[in-house]
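All remarks here apply to the structure that follows.
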2 protein chains.
Amino acid sequence: MAKHEKISEAVVRRLPIYLRYLSYLQQNEVTTVSSQQMGKNLDVNPAQIRKDLATFGDFGKKGIGYDVNYLVEKIRQILKLTEEVRVALVGAGHLGHAISNYNAYLKDNMRIAAIFDNDPGKLGKEVAGIPIQPMDELAKTIPDKQIKLAIITVPASAAQSVCDLLTQAGIKGILNFAPTTIRANKDVRIHYADVTSNLQSLAYYLT
Amino acid sequence: MAKHEKISEAVVRRLPIYLRYLSYLQQNEVTTVSSQQMGKNLDVNPAQIRKDLATFGDFGKKGIGYDVNYLVEKIRQILKLTEEVRVALVGAGHLGHAISNYNAYLKDNMRIAAIFDNDPGKLGKEVAGIPIQPMDELAKTIPDKQIKLAIITVPASAAQSVCDLLTQAGIKGILNFAPTTIRANKDVRIHYADVTSNLQSLAYYLT
DNA sequence: TAGATTGTTAATCGATTAACAATC
DNA sequence: TAGATTGTTAATCGATTAACAATC
């Protein structure tokens, strides 16, 4: 099914966007969609959408478009969302709390399965029903619970050492909210979502 | 100074990363840095760094490198951070609270100057010393306080209408944490930072 | 001077878009 | 059949990297 080219990060970044729109169509009981309609709603070139999808298989029907349910299923397969994906959160501060409580909205088989913090005062407490564990349990809990992704919401000064711990524990992808660059082996993907650099690059476009 | 090419978004996204590392060097009283050193620390090709910077002027000295203080000043000018940049936050839920409290860390002349929420129960309350205002004051407060950027932390279902209000009020850039695509005029930049799509694209790389 | 490093050109690489035959 | 729309090739566009003369 999938062709053996290497897939660009840009394509992978667009798949969740497509999935989100398709889920919306499902909720509205729309059964078929064209690349044109998707493109119009998502501000993406229709040819790009067709090309992105064709990378993984022939999902559409000429003259008709894409079956919404089928395409949702296929994209979920591609994104490995067919089995539950467990996520660790490191840093139970304000931001960590907010993201954990948001857990309910992490649809599509994603779940925060463990929370870690180095503040002894927080140990034993729970966030969104998940106990806060000390950092030194991280190395054991992550493989035990088969956690593969992690969210970093610690201060910038601690981010690299947390990244190192996570990598050693077998984490394969990190979403970093700390305002600092972190480095890991090539086989660990790192995405950045920090407020500061996002806002700073927006500021460039002022006036 | 600045050349009249159009600057790619990729370059603009890297400038805050450079700035962050340079600030770190400043704190450590390092006065000079080479593109090689920067590249090594930030995982960016040195030629890319030189090219990015050369887009805006001749900031370096051949054989020597870049003066850290001078380069910081120049990048801050390019990013329009020489005057205070005011930011509105819409949605005073958990995530909004977390980001507002983080305000102290929004260095480099950025400040959350107003917070809006449509929950009557929250009105009059404060977050990080900033009063929560009702949505219908948005159209007046934003131009009054010369707010140019906004952060959206409302539920996905409300994000587009909030985006419309912000755009009408004159906002020029939006950082969207809601898990949905939003659309605005071409002159309004939108950056996305939602947890769900970030995690989903990370999941692609599992095993 | 010799070594280091920039700014810039040229080469490479990759991503996006247009166009269209195939076909539902 | 006629209209619509995919999958894919070719063309375009843009971004990254290598290489090196200029020069501190």
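Heavy atoms only: backbone and side chains are in, while hydrogens, waters and symmetry mates are out. Order of the sequence lines sets the chain letters (A, B, ...), proteins ahead of strands, with each chain counted from 1. Keep in mind that this is a model prediction, so the values were computed, not measured.
Residues B:V162 and B:L166 form a side-chain contact, since some pair of their non-hydrogen atoms from C-beta on lies under 4.5 Å apart. Counting heavy atoms from C-beta outward, B:L22 and B:Y66 have side chains that stay 4.5 Å or more apart. By the 4.5 Å heavy-atom criterion applied to side chains, A:N198 and B:Y192 are not counted as neighbours. The shortest distance between side-chain heavy atoms of A:Q160 and A:T180 does not fall below 4.5 Å. Looking at heavy atoms from C-beta onward, A:H94 lies out of side-chain contact with B:H97 at the 4.5 angstrom threshold.
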Give the dot-bracket string for DNA chain D, reading 5' to 3', where a pair is Watson-Crick or G-U wobble with both distances under 3.5 Å, ( ) marks pairs inside the strand, [ ] marks pairs crossing earlier ones, | marks a partner on another strand, and . marks unpaired. ..||||||||||||||||||||||
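Whole-Å rounding puts the A:I49 CD1 to C:dA18 P distance at 13 Å. D:dA4 atom P lies 10 Å from atom CD of A:Q36, rounded to whole Å. At whole-Å resolution of the value, CG in A:D58 and P in D:dG7 are 5 Å apart. Rounded to whole Å, atom P of D:dT5 lies 16 Å from atom CG of A:L53. Rounded to an integer number of Å, the gap from B:K62 NZ to C:dT5 P is 15 Å. Remark: C1' of D:dG7 and CZ of A:F59 are 12 Å apart, rounded to the nearest angstrom. For the pair B:L71 CG and C:dT6 P, the interatomic distance rounds to 11 Å; values are reported in whole Å. Distance, B:I64 CD1 to C:dA4 P: 12 Å, rounded to whole Å.
Toward the 5′ end of DNA chain C lies the nearest nucleotide of A:R50, the other residue of the pair A:G63 and A:R50 mapping further downstream.
Seen from the ring of B:Y204, A:K80 counts as a face-on cation partner, given the 6.0 Å and 45° thresholds.
At D:dT5, none of the side-chain N or O atoms of A:S35 fall inside 4.0 Å of OP1 or OP2 (strictly under the cut-off). Note on A:Y66: every side-chain N or O is 4.0 Å or more away from OP1 and OP2 of D:dA4.
Heavy atoms only, all atoms of each residue included: B:A203 and A:V85 are closest at CB-CG2, 4.5 Å.
Below 30°, between 30° and 60°, or above 60°: for A:Y70 and A:F59 the angle between ring planes is above 60°, a perpendicular geometry.
No side-chain donor from either of A:N109 and A:E83 sits under 3.5 Å from a side-chain acceptor of the other.
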Protein and nucleotides 11-17 of chain D: nitrogen or oxygen contacts under 3.5 angstrom:
unit_1 : atom_1 : unit_2 : atom_2 : d
D:dT16 : OP1    : B:R14  : NH1    : 3.1
D:dT16 : OP2    : B:R14  : NH2    : 3.1
D:dT16 : OP2    : B:Q48  : NE2    : 3.0
D:dT16 : O5'    : B:Q48  : NE2    : 3.3

